[in-house]
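Report on one structure; see the data block that follows.
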Amino acid sequence: MTVKIVVACGGGIFTTTVVTDKIKDILRKERIKHQVTPAKITEIRNIQYADIIVVTGKTQEENKHGIPVMIGMPLFTGVGEEEFTKVFLQKVREVSR
């Protein structure tokens with residue numbers, strides 16, 4: 001199974017690129033097939049084509065289809081990156097069962 005991840009940001013390209021690259025590295029190291037797609041934070045609510053949504057900024061927005069939304073800023077700042085990675089991989093394994 002290929003895990004579909006959406007990385008959403010407020011419009012800045014740099015933050016999304018850094019977080020996307022780190023997510024790809026994490027999943028490659030774990031040998032998890034994946035597809036990562038960019039989106040805007042304003043699209044989070046209606047996304048249907050993902051298993052997990054990672055946002056690069058703070059948001060109260062939830063996905064109306066029940067897709068988990070995670071705050072991925074630790075991957076950008078490095079603060080809390082280890083804990084985020086642990087929780088992220090746990091979610092990935094849950095959705096790929």
Side-chain angles (χ1 to χ4, degrees):
M1 175 185 173
T2 299
V3 178
K4 296 177 185 122
I5 312 289
V6 169
V7 177
C9 69
I13 299 296
F14 183 70
T15 321
T16 305
T17 302
V18 170
V19 172
T20 296
D21 289 348
K22 289 203 175 186
I23 286 173
K24 287 179 178 180
D25 287 345
I26 291 165
L27 295 172
R28 271 191 220 113
K29 284 178 187 171
E30 296 293 319
R31 295 189 172 134
I32 297 170
K33 290 184 183 180
H34 59 277
Q35 175 185 342
V36 182
T37 308
K40 294 188 186 218
I41 284 180
T42 56
E43 299 172 324
I44 291 172
R45 183 166 172 70
N46 296 312
I47 290 173
Q48 298 179 49
Y49 56 87
D51 297 307
I52 299 172
I53 300 168
V54 178
V55 295
T56 60
K58 289 187 177 184
T59 182
Q60 299 299 317
E61 201 64 49
E62 291 185 16
N63 180 271
K64 71 179 184 182
H65 302 286
I67 298 169
V69 177
M70 300 181 71
I71 306 295
M73 280 309 287
L75 294 180
F76 183 72
T77 64
V79 178
E81 184 172 352
E82 215 172 287
E83 180 62 26
F84 174 86
T85 300
K86 181 179 163 186
V87 174
F88 173 72
L89 285 171
Q90 193 174 359
K91 284 270 184 224
V92 166
R93 289 184 177 102
E94 283 174 19
V95 300
S96 63
R97 287 183 188 166

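Worth saying up front: this structure is predicted, and the values here are computed from it rather than measured.
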request  = Assess whether side-chain contact (heavy atoms from CB on, under 4.5 Å) is satisfied between I47 and H65, documenting all intermediate values.
outcome  = CA-CA 8 Å; I47 290 173; H65 302 286; over 6 Å; no

| task | Would you please test V7 and T37 for side-chain contact (heavy atoms from CB on, under 4.5 Å) and show each step? | result | CA-CA 6 Å; V7 177; T37 308; over 6 Å; no

Is there a side-chain contact (heavy atoms from CB on, under 4.5 Å) between I5 and D51? Walk through the geometry before answering. CA-CA 6 Å; I5 312 289; D51 297 307; 5.6 Å; no

Q) What do the steps show when you test F76 against E81 for side-chain contact (heavy atoms from CB on, under 4.5 Å), and what is the final call? A) CA-CA 8 Å; F76 183 72; E81 184 172 352; over 6 Å; no

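Closest heavy-atom contact between C9 and T56: CB-OG1, 3.0 Å. The minimum heavy-atom distance between E61 and I44, with the atom names listed, is CG-CB, 4.0 Å. In terms of heavy atoms, V54 sits closest to G72 at CG1-CA, 3.6 Å. In terms of heavy atoms, Y49 sits closest to P38 at OH-O, 4.5 Å.
Counting only heavy atoms from C-beta outward, the side chains of V6 and V36 never approach each other to under 4.5 Å. Between F84 and M73 the shortest side-chain heavy-atom distance does not fall below 4.5 Å. You'll find the side chain of I23 reaches within 4.5 Å of the side chain of L75, heavy atoms only.
Annotation: the span from K33 atom NZ to R31 atom CZ amounts to 13.0 Å, rounded to 0.5 Å. Here NZ of K24 is found 10.5 Å from CG of L27. Values are rounded to the nearest 0.5 Å.
In this view, E30 and R93 satisfy the side chain to side chain donor-acceptor pair (under 3.5 Å) rule, not counting sequence neighbours.
A single hydrophobic cluster is seen to contain both V19 and F14, as judged by linkage of ILVMFWY side chains at heavy-atom distances under 4.5 Å, directly or through other members.
Only one option out of K4, K91, H34, E94 pairs with I52 in a side-chain contact (heavy atoms from CB on, under 4.5 Å); it is K91.
A distance-only check finds no donor-acceptor pair linking the side chain of N63 to the backbone of I53 [under 3.5 Å].
Using a cut-off of 4.0 Å between Lys/Arg side-chain N and Asp/Glu carboxylate O, D25 and R28 are scored as salt-bridged.
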